[in-house]
Amino acid sequence: MPSTHVVAARRLEDFVSAIFAAAGCSRDEAAQIGHFLLSANLAGHDSHGVIRTPRYVQWLHEGKVLAGQKLTVVNEGPVTATVDGNYGFGQTIGPLAVDLGIAKARASGLAAIALRHSGHLGRIGDWGERAAAAGLVSLHFVNVESGELVAPFGGVDRRFSTNPICIGVPSDGTAPMLLLDLATSLVAEGKVLVASNGGKPVPEGSLVRPDGRFSNDPADLYGPLRPAAPRDPAMGEGALVAFGLHKGSGLAFMCEILGGVLSGGGTSGPIPGGKRARISNGMFSVYVDPAKFGGGDFIGGAREYANYVKASRPVTPGAEVLVPGEPEARTRADRLANGVPLQEETWVALGNTARTLGVAVPE
Ligand code: NAD
C-alpha cells in the first residue's frame with residue numbers, strides 16, 4: 001500500500017487554485033478549477049481530482065487548453081442550443097453550458113444542450129449535481145474527440161474514449177442525492193493511471209491486449225512503466241474494455257454519436273500523429289423540470305423508491321445496499337471532516353508543479 005498524505009479540503013483547494021493563478025488563469029477561473037478538482041476528490045473520484053493539476057498546467061502552457069474562454073453559441077432555439085467551448089477549461093465551460101440548460105429548462109420545462117470543444121470536463125457528476133441543485137433532472141452523454149482508449153465489444157482496437165454517462169436527480173435533503181455517474185469503460189483511465197503508480201490495482205479483464213487476451217496490467221495502456229515517468233496512452237498497444245460486454249460498449253458508442261456527432265465536436269479516433277493536439281470533450285445534456293410532468297410529488301416518489309431499493313436484503317450479511325450517489329455523499333462527508341488523502345506521488349507532483357511556478361507548498 002503506497003503512503004498517503006492527508007490535506008484539509010480547504011487548504012488543498014486554495015493550494016491548487018494558487019497554482020492555476022500562477023500558471024496564468026484569472027483569480028476567479030483559478031478558484032473555479034481548484035473548486036471542481038477538489039470536488040472530485042471529495043466525491044472519492046481521485047482519478048479526476050487534484051492529481052490532474054500537473055497535466056492541466058502542462059496543457060495550458062502548450063496551448064492545448066486556453067484560459068479565459070467563454071461559450072460561443074453555434075445555434076439556438078427556445079429549448080435547444082449548440083455551444084462551442086473554444087477549448088477553454090472544462091471547469092469554466094462546463095458550468096456555463098449547464099447554466100444555459102438550467103435557464104432554458106426553467107422557462108420551458110425541458111432543454112437539450114450540445115456542447116463541443118470543451119477542455120476536460122473532469123467529474124461529470126458535478127454537472128448533474130449542479131442541475132439537481134436547481135431542481136432539475138439531467139442526463140449527460142460525454143465523448144472525447146480523438147481520445148480513443150477503449151475497444152468495442154468483440155474488438156481489440158481502440159475506437160471509443162472512456163465516454164462517461166451521468167443522470168442526476170434533485171433531492172430536498174431528506175433523501176440520498178441520486179446521481180449515477182460512470183465511465184463506460186470497465187475502469188476510468190485515471191484509475192489505470194493510479195494503479196500504474198502503485199495504487200489500487202484495476203480488476204482483471206479491464207484491459208485487452210492486441211492478441212485478444214485480457215489483462216489488468218497498466219503497461220498494456222501506457223507501454224513499459226518507468227517510475228515517476230509521465231504515462232502516455234499513445235505508448236501502449238492494448239485497450240481498455242467497456243463495462244458490461246455489448247451493453248456498455250453500446251452506451252459508449254451512443255456517447256460518440258450524441259457527444260461527438262450531434263454536437264459537431266467530432267468522434268473519438270486515432271490520436272493524430274500519436275500526439276494529442278488538445279483534449280476536447282463533447283457533452284450532450286438533457287434537462288427536465290419534474291414539475292412539468294404528471295408524477296405528482298417527484299422527489300417524494302424518488303425517495304420512497306430509493307428506500308425500497310435499499311431495503312433489499314444484502315448479499316453479504318451485515319453489508320448494505322447503496323443507491324447511486326450514496327458512496328460519493330459518504331466520502332464527501334468523511335473527507336470534509338477528516339481531510340483528503342492523496343497518494344504520496346500525487347502530493348510530490350503537485351509540489352513540483354507549484355515550485356516551478358513560485359507557489360509556496362503548504363507545510
Ligand atoms: P465508478 O465505477 O466508481 O462508478 C460510480 C457510480 O457508481 C456512481 O454513480 C456511484 O454512486 C455508483 N456506485 C458506486 N458504488 C456503488 C454501490 N456499491 N452501490 C450503488 N452504486 C454505486 O466510476 P468510474 O466509472 O470510475 O468514473 C469515475 C469518474 O470519472 C466519474 O465521475 C466520471 O464522470 C469521470 N470520467 C470523466 C471522463 C471525462 O472525459 N471527463 C471520462 C471518464 C470518466
Side-chain angles (χ1 to χ4, degrees), residues 36-49 51-52 55-56 59 65 85 89-91 93-94 97-98 115-130 132 138-150 160-169 171 176-195 199-200 202-203 206 233 240-244 248 251-252 255-256 259-260 265 267-268 276 278-285 306 309-310 312 314-316 319-332:
F36 285 115
L37 289 181
L38 177 76
S39 170
N41 287 101
L42 290 178
H45 293 292
D46 296 335
S47 55
H48 287 69
I51 193 174
R52 300 270 169 166
R55 217 191 254 186
Y56 280 13
W59 286 343
V65 63
F89 275 97
Q91 292 72 19
I93 296 301
V98 173
L115 167 65
R116 69 191 193 196
H117 301 156
S118 171
H120 188 235
L121 286 162
R123 173 182 173 253
I124 306 306
D126 277 312
W127 318 129
E129 282 172 359
R130 194 174 180 93
S138 65
L139 296 80
H140 310 266
F141 302 87
V142 178
N143 88 320
V144 189
E145 185 194 352
S146 305
E148 61 183 14
L149 295 171
V150 181
F160 311 136
S161 68
T162 53
N163 295 357
I165 287 180
C166 173
I167 302 176
V169 175
S171 160
M177 162 83 203
L178 302 175
L179 185 89
L180 182 70
D181 169 32
L182 38 82
T184 48
S185 49
L186 188 55
V187 294
E189 192 243 324
K191 292 192 174 154
V192 187
L193 182 67
V194 169
K200 192 175 165 206
V202 294
S206 302
L240 290 169
V241 168
F243 81 86
L251 285 172
C255 283
E256 297 290 346
T267 58
S268 201
R276 200 205 297 267
R278 351 179 93 123
I279 177 137
S280 163
N281 267 146
M283 177 163 78
F284 178 70
S285 304
V309 169
K310 287 183 64 58
S312 171
V315 170
T316 310
E320 190 185 354
V321 173
L322 302 176
V323 292
E326 232 180 339
E328 286 77 9
R330 289 183 183 188
T331 306
R332 186 177 296 117

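Atoms within each ligand, like the ligands themselves, are counted from 1 in listed order. Here the structure is a predicted model, which means the values were calculated and not measured. When a residue number appears, it is its place in the shown sequence, counting from 1.
- Here the closest non-hydrogen pair linking A188 and H48 is CB-CE1, 4.1 Å.
- Salt-bridge formation is detected for the pair K310/E326: a Lys NZ or Arg NE/NH1/NH2 atom is positioned less than 4.0 Å from an Asp or Glu carboxylate oxygen.
- Of all atoms in ligand 1, numbered sequentially from 1 with element shown, those under 4.0 Å from a heavy atom of T162 are 42 (C), 43 (C).
- Listed by number with element, the atoms of ligand 1 under 4.0 angstrom from any heavy atom of L179 are 9 (O), 11 (O).
- For S268 and E148, the side-chain atoms include no donor-acceptor pair closer than 3.5 Å.
- For atom 23 (O) of ligand 1, the choice among K310, H140, R52, H45 with the nearest heavy atom turns out to be H45.
- Within the 4.0 Å heavy-atom criterion, neither part of V321 lies near ligand 1.
- When only modelled atom types and interatomic distance are considered, H140 and S285 share a side-chain donor-acceptor pair under 3.5 Å.
- Atoms of ligand 1 found under 4.0 Å from any heavy atom of A188, numbered from 1 in the order shown, are 26 (O).
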Taking it one step at a time, do I93 and L115 satisfy side chain to side chain contact (heavy atoms under 4.5 Å, CB included)?
CA-CA 9 Å; I93 296 301; L115 167 65; 3.7 Å; yes
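- Scanning the protein for heavy atoms near atom 18 (N) of ligand 1, the closest one is L322 CD1, 4.0 Å.
- Atom CG of N143 is separated from atom SG of C255 by 7.5 Å, given to the nearest 0.5 angstrom.
- Between D46 and N41, the side chains place a donor N or O and an acceptor N or O closer than 3.5 Å (distance only, hydrogens not considered).
- Looking only at heavy atoms of the protein, atom 22 (C) of ligand 1 is closest to P327 CG, 3.9 Å.
- Around atom 5 (C) of ligand 1, the closest heavy atom drawn from D126, D181, V150, V202 belongs to D181.
- Not a single N or O atom of G125, backbone or side chain, sits closer than 3.5 Å to an N or O atom of ligand 1.
- Listed by chain and number, the residues in a salt bridge (charged side-chain N to carboxylate O under 4.0 Å, His left out) with E256 amount to none (sequence neighbours excluded).
- Side chains of E328 and H45: a donor on one and an acceptor on the other come within 3.5 Å.
- With no hydrogens or angles considered, no side-chain donor-acceptor pair links N163 and T184 at under 3.5 Å.
- When heavy-atom distances to ligand 1 are checked against a 4.0 Å cut-off, A183 comes that close through both its backbone and its side chain.
- Heavy-atom proximity to N281, at under 4.0 Å, picks out these atoms of ligand 1: 39 (C), 40 (O), 41 (N).
- If you check which protein heavy atom lies closest to atom 41 (N) of ligand 1, you get G122 O, 3.0 Å.
- Of the protein's heavy atoms, L182 CD2, 4.4 Å lies nearest to atom 7 (O) of ligand 1.
- When only non-hydrogen protein atoms are considered, atom 38 (C) of ligand 1 lies nearest to P164 CG, 3.4 Å.
- For a threshold of 3.5 Å applied to N or O pairs, the pair formed by E328 and ligand 1 contains at least one separation below that value.
- In terms of protein heavy-atom proximity, atom 39 (C) of ligand 1 is nearest to H120 NE2, 3.6 Å.
- A ring-centre distance under 6.0 Å is found for F36 and W127.
- Only the side chain of K191 comes within 4.0 Å of ligand 1, counting heavy atoms alone; its backbone N, CA, C and O stay farther away.
- Among the atoms of S47, none of the N or O lies under 3.5 angstrom from an N or O of ligand 1.
- Under a 4.0 Å criterion applied to the non-hydrogen atoms of I124, ligand 1 contributes the atoms 34 (O), 41 (N).
- Polar contact check, H48 against ligand 1: a nitrogen or oxygen pair lies under 3.5 Å apart.
- A donor-acceptor pair under 3.5 Å is absent between the side-chain atoms of S312 and the main chain of V309, judged by distance alone.
- Of the polar atoms of R123, none of the N or O atoms is found under 3.5 Å from an N or O of ligand 1, judged by distance alone.
- Judged as a salt bridge (charged side-chain N to carboxylate O under 4.0 Å, His left out), and not counting sequence neighbours, R52 has no contacts.
- The contact set between ligand 1 and L180, taken as ligand atoms under 4.0 Å from a residue heavy atom, comprises 9 (O).
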